[in-house]
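All values below were derived from every heavy atom in this structure, side-chain atoms included, with hydrogens, water molecules and symmetry-related copies excluded. Chain A is the first sequence line, chain B the second, and so forth, proteins listed ahead of strands; every chain is numbered from 1.
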Number of protein chains: 2
Amino acid sequence: MEKQPSFITQARREQIIEATIKALDEIGYKSISLAKIAKIAKVSTGLISYHFSDKEDVLNNTLVYLLKKQYDYIKEKVDESKSAYDQLITFIDTSLAYQGTHYVHNVALIEIIFNARTPDNIPYYKVSDDEEDPLYVLLQEILQDGQKTKEFSTFDTKNVSIIIQGAIGESMLMNQENFNLEAYKNELVTMVTKMVK
Amino acid sequence: MEKQPSFITQARREQIIEATIKALDEIGYKSISLAKIAKIAKVSTGLISYHFSDKEDVLNNTLVYLLKKQYDYIKEKVDESKSAYDQLITFIDTSLAYQGTHYVHNVALIEIIFNARTPDNIPYYKVSDDEEDPLYVLLQEILQDGQKTKEFSTFDTKNVSIIIQGAIGESMLMNQENFNLEAYKNELVTMVTKMVK
DNA sequence: ATTTATTTTGATCAGTCAATCAGATTTTAT
DNA sequence: ATAAAATCTGATTGACTGATCAAAATAAAT
């Protein structure tokens, strides 16, 4: 039986993870150092090594933390809707809204996904599979449900998931000044409706 | 008047840039070093410094090189089509095809865009504007043309450009094994047709 | 053939950083 | 109160890397 980590350990780990997120936003993956994380978290560098096996372990845990937060946020909202169509719109709305409300988290997510590599040196963005990624699974399930209930027409749910996720993801990369998130949301909802109905 | 770089200089610079692309694919932006680039290019580290001001200069020139290659490839094909609709389909086809034929170039492009930062530490992916990016401009022009000639319905060309570019870009990140690029291309063309017609 | 300019090498230097660890501090158990 | 365990610090170490530069090799000019 595994021993539960103490509350102090849990709190420290979260504190270090939050500092890592902030550091990723400020200086990026390439320049991040344990010293920088320690400074933001206001702890010593040694403490990071005490709570994590190494730097990679810190970043892996930060990635898991970020993915879970994002998924939980979206999943909770989607579950409030009943029809497949409403769920689909909620999925889009919430995904886009998350970018506004959790901007720094999104930046950190991008920084890790496009830099972290598996032990055999394969980048995460090449690994991340639409069959593993819970958000992809959720979106595909919504589309499949809609086809079952005849709300949606016939199309390949996997490919349409990729189109929608791509359209959502692309807006993350938009320059905030020249970009009207609300207008984009409306346009995307209109277009997705044309696609699936 | 500026002196033209000699042929040797031009050839060496391209050799180093091609080695950089290969290195980015192999070990990624984070781990890339002048020593690694030098090893792949089969030259000494000092030679890189002789032809480029610093490491950042190497990567900036590699980015420009990659963007130009991609744009030229797509632009040439698009210009062969006449109607706006044909151009739009060609744009999608060619963009997706480029990923297949120039896979390593695409990986290198991703590695740089999501890591390189401006002197004031702003990531390129936050800078890259749909108003500057030639590919975005090209796509928006196609959409605007189609609206002028009544081939397309009314919609916001900027936002729809983002949707289409997102759908194209997302497929770059797909695991090659479980992903049928040809089927995706067909689905995307179908969906984009529904969107713009 | 000789001088001058260009190109290339690889050793060296200075700086950075991840990881370690001996010892200090705090918490928990007895 | 005391011992044991857990938590934390910050200096140190060893490895790595970008950039420099003196000297060598090559090419071009005279």
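- DNA chain C is contacted by A/Ile32, A/Ser33, A/Leu34, A/Ser49 of residues 25-50 of chain A, taking any non-hydrogen atom closer than 4.0 Å.
- Both the sub-6.0 Å distance and the 45° axial angle are satisfied by B/Lys197 relative to the ring of B/Tyr85.
- A tilted orientation is assigned to the rings of B/His105 and B/Tyr65, their planes being inclined by 30° to 60°.
- Taking 4.5 Å as the limit, every side-chain heavy atom of B/Leu24 sits out of range of all side-chain heavy atoms of B/Val107.
- No option in B/Asn60, B/Asn115, B/Thr118 other than B/Asn60 meets the side-chain hydrogen bond (donor to acceptor under 3.5 Å, both in side chains) test with B/Tyr124.
- Following rounding to the nearest Å, B/Arg13 (CZ) and C/dT7 (C1') show an atom-to-atom distance of 15 Å.
- Side-chain N/O atoms of B/Arg12 include none lying less than 4.0 angstrom from OP1 or OP2 on C/dT6.
- As rounded to whole Å, 12 Å separates atom C1' of D/dA19 from atom NZ of B/Lys55.
- Note on ring orientation: taking the six-membered ring where Trp is involved, the planes of A/Phe155 and A/Phe152 are tilted (angle from 30° to 60°).
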